[in-house]
Amino acid sequence: MRDVFSAPKGVPDYIPPTSAAFAHVRSTLTRAAELAGYGYIELPVFEDTALFSRGVGESTDVVTKEMYTFLDRGERSITLRPEGTAGVMRAVIEHSLDRGSLPAKLYYAGQFFRAEAPQAGRYRQFHQVGIEAIGIDDPALDAEVIAVGDAGFRAIGLTGYRLELTSLGDANCRPAYREKLQAFLAELPLDEATRQRAELNPLRVLDDKRPEVREMVADAPLMVDNLCDACREHYELVKGYLTELGVKFVENPRMVRGLDYYTKTTFEFVHDGLGAQSGIGGGGRYDGLMAQLGGQELSGVGFGLGVDRALLAAQAEGVLPEFSRVDVIGVPLGEGARARLVAIAGELRAEGVRTDLVYGGRSMKAGFKAADKSGAKLALVLGERGLEAGTIGVKTLATGDQVDVALTDVVSAVRDALAQGDTAAEAVRETP
RNA sequence: GUGGGUGUAGCUCAGUCGGUAGAGCACUGGGUUGUGAUCCCAGGUGUCGCGGGUUCAAGUCCCGUCACUCACCCCA
C-alpha cells in the first residue's frame, strides 16, 4: 500500500451515501428545535481557553485531559470547543441577549472536539445539535427542552432508547448532600484513583461501572432524597409536565453528568444498540453558569444531542430511508444528442429537478449501467433519431417503461413523471 | 493513560506442514453498431502494515514497532 494521508485519529469522514443519512439526522434534530421556537446561533469552533475551564469546570475530565488547547500567534490560549453551552452563554452575554425578551431560546449544530481514546461511537471530532433556553426558571421549560430532544429522536424514527431523569439539587441543598456523601465514601475501602475522585466530585463515584464499587455504594445517600423543598417541588413539576407532554422517562438517581455546571433537572437519552457509548444525548439545568461567566444571575436549561451516535442508532434500528442523489439522468447516444441533453439538464436544474448526465464517450450499455447506478428515477434517452423526430425518451428506470415525448415538452413531462407515486423523493430533497 | 483483538487487491476475506499469493464483490470492456439490473467472456491491481531475526527459502515462525479496532476510565 502506498503511503497516503489518512484522517487524524478518531475523526470520522462521512461519504456518500452515509453522508446523506448523516445530514438527514442532523436536519431532523434541528427541525425539532425550530418547531419549538428556537432560533439558530452560529458560533466559533474555538474560544478562549478560560471560557471552558471556568464554564465546564476545572475538576472535569473534559477540562483536565481532553481539550485541544494551543497558543495562537498572539500567544493567546485557544481551545477547540469541547461542548456547546459555554460558547452560547458567552455569546448571549456579549450580545446582551439576556437583556431582551426571555427566555432566550437558541439552537446550534456543529462539531466539537475532545482528545479521548476513540472507540465505537466515540470520536475526537463529533457533532452535536443543542438547544438552550436562558433566563426563565420555569419547570415547564425543562420539560419543553426534554420533549424537543425526544421529538427529534422520534422524528428520525428511533424507538429503542430511554430517557433517564434525575435532579442534582442546587446551591442550597447540594453542598450539604455532598458532605454527607463524602463522609459515607470516606468509610469505604476505595482504591486511590477512586478516592481522589470522591474528593473532587463524589457524585461521580455513584455511577462507577465496576461491580465491586457498585456494591459498596449501593446504600449511599442519594441526591433525590436530600433535595431542598424548592428543588423537590421543581423536580415534581418537571415530571408532571413531561407526563402532560406524553414523554416517557425513567428515574435514575445515580446519573452523573460530565460537566460541572448542571443543577436541578438532569437527563440523558440512552440507546442500547450502540455498544459501550450508549448516550445519544443529554442535558439539564445550569442555574449558576451565566453568573460564573460574568453575566447576570440568570438560569438556563438545555441539551446536546449526538448526531454521530443518533446516526449509529438509526442504522442499528434500520429506520433510515434510502437516499438518492439525483432524480433524472440523461443518457446521450451520440454527440448531437449530448449537446441537447446538456441544455436540457440546465433547464431541469433551474426548475429544481436534481439532474445528472452520463459523461464520457461510453458505450450505450455502459451509459445505461451508469444511469441505473445513479439512483435516478428517470432516464432521458436521446439519440440521432430523436433529434430528427423532435422527441426524447423518458424512461422509468425501476420498471423499464419508456415513452417518447416532444423535446419541447420535456420539462413538464419530467415533472409529471416525478410527481407520480413515491413520497421518498420529498424526504430526499430536504437534504443539503 | 490501561487491557484484549485485528493488520493480505478498492471492499469482505481465504491462504494447509515455511516453498516468492487467491476467491467473491466492486470496477472497465465485450457478447452483430438504439436500451440497464440476470447470465457468459475478457481485463487490471498487491512494499502480504513497517523494521529486524531464524532459515537454502517467511504472508506463514520469533522479537520489536506502528496503525486500526473493541473495552475500561469518561462521555455525545
Side-chain angles (χ1 to χ4, degrees), chain A residues 1-4 6-10 12 15 25 29 56 60-66 81-85 109-130 149 153 161 191 193-194 196-197 201 204-205 207-211 213 255-259 268-271 274-283 303-313 329 331-334 337 358 360-376 379-387 389 392-393 395-402 404:
Chain A
M1 230 164 282
R2 278 177 312 139
D3 193 15
V4 295
S6 56
K9 187 183 180 72
I15 58 176
V25 166
L29 294 176
V56 176
T60 61
D61 281 21
V62 168
V63 168
T64 55
K65 54 185 195 191
E66 296 172 2
R81 59 183 182 183
E83 59 93 53
T85 303
Q111 45 274 81
F112 296 87
F113 308 86
R114 294 182 197 170
E116 302 181 88
Q119 69 186 68
R122 189 169 74 187
Y123 307 106
R124 291 186 166 185
Q125 172 178 290
F126 56 99
H127 301 75
Q128 284 190 355
V129 168
F153 289 135
Y161 67 91
D191 62 278
T194 311
Q196 280 184 9
R197 234 187 310 153
N201 187 345
R204 198 150 310 157
V205 180
D207 83 350
D208 197 303
K209 284 178 187 167
R210 291 169 296 182
V213 178
M255 176 173 50
V256 179
R257 315 252 45 241
L259 314 177
E268 199 166 294
F269 294 95
V270 182
H271 197 283
L274 294 186
Q277 306 303 318
S278 55
I280 56 175
F303 66 53
L305 308 182
V307 179
D308 311 86
R309 287 189 188 171
L311 174 62
L312 290 172
I329 185 160
V331 183
L333 310 171
V358 173
R362 311 173 78 181
S363 70
M364 189 171 52
K365 173 169 178 160
F368 278 96
K369 261 188 169 172
D372 189 42
K373 275 182 298 194
S374 73
L380 296 181
V381 187
L382 186 63
E384 295 305 319
R385 286 187 211 159
L387 282 176
I392 185 168
K395 178 166 182 165
T396 303
L397 285 164
T399 61
D401 296 340
Q402 182 171 332
D404 283 342

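Below, chain A is the first sequence line, B the second, and so on; all start at residue 1.
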A/G400 near the nucleic acid: base, sugar-phosphate alone, or nothing, with a heavy-atom cut-off under 4.0 Å?
-> base

If you pin A/A7 and A/D372 to their nearest nucleotides in RNA chain B, which one's is more 5'?
-> A/D372

For B/G22 and B/G59, measure between their C1' atoms and round to the nearest Å.
-> 12 Å

For B/G46, the nucleotide meeting Watson-Crick or G-U wobble distances (both under 3.5 Å) is none

Of A/G383 and A/K365, the one whose closest RNA chain B nucleotide lies more 5' = A/K365

Any N/O donor-acceptor pair, A/K395 side-chain to B/G36 base, under 3.5 Å | yes

Watson-Crick or G-U wobble partner of B/G5, both distances under 3.5 Å | B/C68

Which one is paired to B/U12, where only Watson-Crick or G-U wobble pairs with both distances under 3.5 angstrom count?
-> B/A23

Under 4.0 angstrom between A/K373 side-chain N/O and B/C27 OP1 or OP2 = yes

Produce a footprint string for nucleotides 70-76 of chain B: one letter per nucleotide, 5' end first; B if the base is under 4.0 Å from any protein heavy atom, S if only the sugar-phosphate is, - if neither.
-> SBBBBBB

On a whole-Å scale, what distance lies between the P atoms belonging to B/A76 and B/C72?
-> 16 Å

Heavy atoms under 4.0 Å, any strand shown: does A/G386 hit a base, just sugar-phosphate, or nothing?
-> base

Euclidean distance for P, B/G64 against B/C13 (whole angstrom) = 27 Å

Which of parallel (below 30°), tilted (30 to 60°) and perpendicular (above 60°) describes A/F269 and A/F153?
-> perpendicular

Taking atom CD of A/Q128 and atom CD of A/E83, what is their separation to the nearest 0.5 Å?
-> 8.0 Å

Identity of whatever pairs with B/A37 - Watson-Crick or G-U, under 3.5 angstrom | none

Re B/C75: Watson-Crick or G-U wobble partner, both distances kept under 3.5 Å, found to be none

Using atom P of each nucleotide, how far apart are B/C61 and B/U6 to the nearest Å?
-> 12 Å

Find the distance A/D401:CG to B/G36:C1' and express it as a whole number of Å.
-> 14 Å

Pick base, sugar-phosphate or nothing for A/K9, based on heavy-atom distances below 4.0 Å to the nucleic acid.
-> sugar-phosphate

Shortest non-hydrogen separation from A/R362 to A/A370 and the atoms involved = NH1-CB, 3.8 Å

Tell me what A/A115 touches on the nucleic acid: a base, only sugar-phosphate, or nothing, going by heavy atoms under 4.0 Å.
-> nothing

Nearest atoms (heavy-atom pairs only) where A/Q402 meets A/V381 | NE2-CB, 4.1 Å

Taking a pair to mean Watson-Crick or G-U wobble geometry with both distances below 3.5 Å, B/G59 pairs with none

When the C1' atoms of B/U45 and B/G24 are considered, how many whole Å apart are they?
-> 16 Å

What is the distance, rounded to the nearest whole Å, between atom CD1 of A/I392 and atom P of B/G34?
-> 17 Å

